[in-house]
Amino acid sequence: MTAHTHFRCPCCHGSQYRTSNFDVTEKNPHGAKCIFCKSSMVAFENLHAWIQSGSAVPLDFRK
């Protein structure tokens with residue numbers, strides 16, 4: 001059985017992303033970036049904890 005990680009964009013709430021070794025950081029250990037707004041994705045399992053922590057401001061918003 002393969003475990004799947006589901007990502008959600010904190011800025012545009014999209015779920016489509018690309019991964020890159022160049023985008024791996026401490027805040028983004030999977031290197032997942034939204035294909036629409038280029039923000040770092042948040043793992044869907046951690047989304048509730050992320051919102052509750054008060055970090056509801058987009059971390060890496062770029063246009």
Side-chain angles (χ1 to χ4, degrees):
M1 183 173 166
T2 305
H4 296 285
T5 303
H6 298 280
F7 293 103
R8 183 67 59 186
C9 178
C11 294
C12 69
H13 307 289
S15 60
Q16 295 182 16
Y17 62 94
R18 65 166 181 80
T19 59
S20 171
N21 291 336
F22 297 108
D23 294 325
V24 173
T25 63
E26 186 177 319
K27 293 180 181 178
N28 188 10
H30 299 285
K33 292 273 188 168
C34 177
I35 64 169
F36 300 111
C37 65
K38 309 297 186 255
S39 296
S40 295
M41 301 293 275
V42 176
F44 194 67
E45 302 87 38
N46 300 329
L47 187 62
H48 181 69
W50 182 77
I51 291 170
Q52 293 299 321
S53 72
S55 299
V57 177
L59 300 174
D60 293 319
F61 183 73
R62 290 184 262 167
K63 284 203 171 204

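Along the sequence shown, residues are numbered consecutively beginning with 1.
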In short, ring-ring contact (aromatic ring centres under 6.0 Å, His included) pairs touching residues 14-33 with sequence neighbours left out are F7-Y17, F7-H30
Shortest non-hydrogen contact from R18 toward S20: NH1-CB, 3.4 Å
Checking R8 side chain against V42 main chain: does a donor-acceptor pair fall under 3.5 Å? no
Rounded to the nearest 0.5 Å, what separates atom OG1 in T19 from atom CE in M41? 11.0 Å
Gap between atom NZ of K38 and atom NZ of K33 - 0.5 Å precision: 9.5 Å
When rounded to the nearest 0.5 angstrom, what distance separates SG in C34 from CD in Q16? 8.5 Å
Between V24 and P29, the two heavy atoms sitting closest are CG1-O, 3.7 Å
Write down the atom of N28, the atom of D23, and the distance for their closest heavy-atom approach. ND2-O, 3.6 Å
Applying side chain to side chain contact (heavy atoms under 4.5 Å, CB included), name anything that partners E26, two or more places apart in sequence or on another chain. none
Taking all atoms of both residues into account, what is the closest heavy-atom pair of S39 and C9, and its distance? CB-SG, 4.0 Å
